Structure formats: C-alpha cells, structure tokens
Amino acid sequence: MAKRFKATIIGGSGYGGAELARRLLIHPDVELVRVASIDHVGEPLGAVHPNLEGATALRFEDLAPAEAARGCDVALLALPHKITAAKVPELIAAGVKIVDMSGDFRLRDAATYEKFYGARHPHPELLGTFVYGLPEMNRAEIKRAKYVASPGCFATAMELALLPLARAGLLDHATVHVTGITGSSGSGIAPGAGTHHPSRAGNLKTYKPLEHQHVPEVVQTLGDAGAKQLQLRFVPVSAPLTRGIFATCFLELAAEVDGARLATLFDETYAHEPFTRRPKKRLPEVVAVAGSNFIEVGFAVGPAEGGKRTVTCFSAIDNLIKGGAGQAIQNMNLVLGCDERASLEDLGNWP
C-alpha cells in the first residue's frame, strides 16, 4: 500500500540525519524519498550510517533546498545552526512544510539570537513564524503549524523537568540552577580535539558554563508556560557516554510545597503524554530511555527550613531521539495528522 506522505531530509550525513532516516524508513505513513547533503555525495546511506546498510537504496545527493523538497509534503532539516536560516526562505517559497532541528528559529528575539549564537540572524523577519515543537506544551499549535522549530536536547530535558512547576506559578521570580550531563553524540559526527574518544573516555568536563545557547530557549519557553521573570543558571558537562542527557535542576520553594503536591503536579501534567513518564519507585535514569523517544522526569524534596525547602527536579533523555530526531518525527507526525507515536513506540535497550 502506498504511503500517504513524502518526506525529504536536508543535512542527513550526521547522527541526527541517521536517526531521522531510520525512523522514516519504518514509518507506516511517510515515505523517505530523498536525502540531501554536501557530504558523501553519491554514497549509499548505509555506507555512512552502518545501521542502514541494506535498508534503502537511497544515496546522498547534493541538491538545492527547493530541489530536495520537490514533490514532498515535509522537509526535515538536520543542518547546523546559521546554515539552516539561509536555506529556509527557499523551502518556504517551495510550499513545503518544515520541521527544523537547528536553533535558528527557536528564539523570537534577534538580539538574543545574536548574543548566544554569535552571528546576526540572516532572516530576522522569520523569527516567531515557527511554532516551538514541544508537544507536551504546544500540541494544538503544532497540529496547525506549517513550520516547526524542534527544541534543543538540553532544552527539552530542562523544560519537561520544570514545566509542571511553571504552569503552577512556582517558578515566578525564581532562580533555577541546572547541571546537565550529556553524551558524546551531542557533539556531532565530526571528531574534534575535545570530543574524540581518547579525551572523552573516563573524563568529565564542563563547556560553555553559564552561557550555553539553550538558556534563552528554556527561559522563553517556561515563560510562555507561565513562569514570570525566571532566572536560569546552566552548566553543561561532557560525560563518557555515547547517548543520553541527565539534568538536575535545583531551586528553593516555599516550605508548603511538599512531595505530595509535586507528585500531583507532575502526574496531572503528564498523565496523557505518550512519551513522558515519572517512575514511581525510582528516579530517572539514562539507561532506561537511551535508544528511545521517552523521557523520564522526577523530583526530590529537602526538609523545610526557615519557611523554604530545596527541591531538585530531574530528567533523563536520549539526546539524539527525544532530544533531537525522535522529537522532530513526533512533530512531523502532528503536522501531517499522523498518529503522534508512529515509528517512535520502540522501547530502549536494557541493560
């Protein structure tokens, strides 16, 4: 039976492109018809992404955006920040729906983009025209959208760890301190001096402390959810993992905010979410979600002292799936009117 929709991947030679292709090749309603890249031109997908060996006859093609999108219903963009913004106007002119995995259209303010991404946005008039693709918060808007900006990996982890508090007004005027530990695949497919195995294995180190580009994204998103004048202090940490992010968010709340109230907030927020779960007898773990589109969230509360108590909110995701390509597919499903869970319901590996 012919599939209902056709999709193209633009920028498919990296890890994100590999995961997009894998999910699309098993999708019941969407056919992957083209993969555009300036790297590995003419090579089969399986020659670059070994897990796709023999799964498809598609090859990488060096194509202009409009040509890559020809005859397609949706274009999934796995291009680097700054490059994406230059390609999008041609795709908009081509009339194709867009799901973008870069950071180029997540923020609405051009000055904030320039500060955190280190360059002026080439098309500031398009900022604010993409719906922010966090389904747990913006599902209805995503379903109506033509252009979606999928969230960043760290941003997804932080936002879903804190969203129940934002909606309840518990983050108003709050300062949240976050440590996010991430696996090496988040650094991309090209090896670098600080990311290749000899310097990463057995090592922990921070990078971009207090100035990571996902900070304004999280503040903007939680502000949209109701958090007024939130301050975020974020320190990312590189870990000797291949996949996974573990986020720990620290904040001070009023003493009356106890574990029972937080449990109610989390469970009411995520009761009907297909990919967000709160384990009842343990806290989130990366190994429980690695290789899947699921995210685990949880919390711990400290003792009441001086009318306050320390609360820690946790989350664990696979940075390439729920933190990247899987969430992009989830958004694509919503945009096209497919089952939101299509090609994403597989569980992670254990152990």
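Just so it is clear, the structure is predicted and the values come from calculations on it, not from any experiment. Residue numbers run from 1 in the order of the sequence given.
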Begin from the C-alpha positions of Met332 and Val99 and carry the test side-chain contact (heavy atoms from CB on, under 4.5 Å) through to its verdict. CA-CA 7 Å; Met332 179 200 73; Val99 178; 4.3 Å; yes

Nearest heavy-atom approach of Lys3 to His27 is NZ-O, 2.6 Å

When you check the gap from the basic side-chain N to the acidic O, do Glu19 and Arg22 get nearer than 4.0 Å? yes

Parallel, tilted or perpendicular: which one describes the rings of Tyr117 and His81, with boundaries at 30° and 60°? perpendicular

The test is side-chain contact (heavy atoms from CB on, under 4.5 Å); show your working for Cys249 and Phe314 and say whether it passes. CA-CA 6 Å; Cys249 311; Phe314 308 99; over 6 Å; no

Val237 vs Thr179, test: side-chain contact (heavy atoms from CB on, under 4.5 Å). Steps then yes/no. CA-CA 7 Å; Val237 177; Thr179 297; 4.0 Å; yes

Looking only at side-chain N and O atoms, does His123 offer a donor or acceptor that is under 3.5 Å from a partner on Asp104? no

I'd like to know if Glu296 pairs up with Arg282 as an ion pair, taking the criterion as any Lys NZ or Arg NE/NH1/NH2 lying under 4.0 Å from an Asp or Glu carboxylate oxygen. yes

Quiz question: by atom type and distance under 3.5 Å, do the side chains of Asn331 and Ser150 form a donor-acceptor pair? yes

Other residues, nucleotides, ligands: >12 heavy atoms within 6.0 Å of Ile38 CD1: no

Measure the spacing between CG of Leu45 and CD of Glu43 and express it to the nearest 0.5 Å. 10.0 Å

Are Arg277 and Phe294 in a cation-pi contact, defined as NZ or CZ under 6.0 Å from the six-membered ring centre and within 45° of the axis? yes

Basic-acidic side-chain contact under 4.0 Å: Glu136, Lys322: yes

Quick check: do Leu32 and Leu58 have side-chain heavy atoms less than 4.5 Å from each other? yes

For His173, look at atom NE2 and say whether over 12 heavy atoms of other residues, nucleotides or ligands are found less than 6.0 Å away. yes

Val215 and Tyr207: same hydrophobic cluster, using ILVMFWY side-chain contacts below 4.5 Å? yes

Strictly by side-chain hydrogen bond (donor to acceptor under 3.5 Å, both in side chains), give each pair with a member in residues 152-169 just once, sequence neighbours left out. Tyr132-Glu159, Thr156-Gln327, Glu159-Thr221

Can you pull out every side-chain hydrogen bond (donor to acceptor under 3.5 Å, both in side chains) where at least one residue sits in residues 297-308? Sequence neighbours excluded, please. none

Does the gap between the ring centers of Phe154 and Phe234 come in under 6.0 Å? yes

Is any side-chain heavy atom of Leu344 less than 4.5 Å from a side-chain heavy atom of Ile329? yes

Tell me whether the rings of His212 and His214 are parallel (<30°), tilted (30 to 60°) or perpendicular (>60°). perpendicular

Would you say NZ of Lys228 has more than 12 non-hydrogen atoms from neighbouring residues, nucleotides or ligands within 6.0 angstrom? no

Near-ring test His121/Phe105, centroid separation under 6.0 angstrom: yes

Pairs flagged by side-chain hydrogen bond (donor to acceptor under 3.5 Å, both in side chains) wherever residues 86-100 is involved - sequence neighbours left out: Asp100-Ser102

For the residue pair Asn293 and Gln330, confirm or rule out a side-chain donor-acceptor distance under 3.5 Å. yes

Taking the basic N atoms (NZ, or NE/NH1/NH2) and the acidic carboxylate oxygens, is any pair closer than 4.0 Å for Asp29 and Arg4? yes

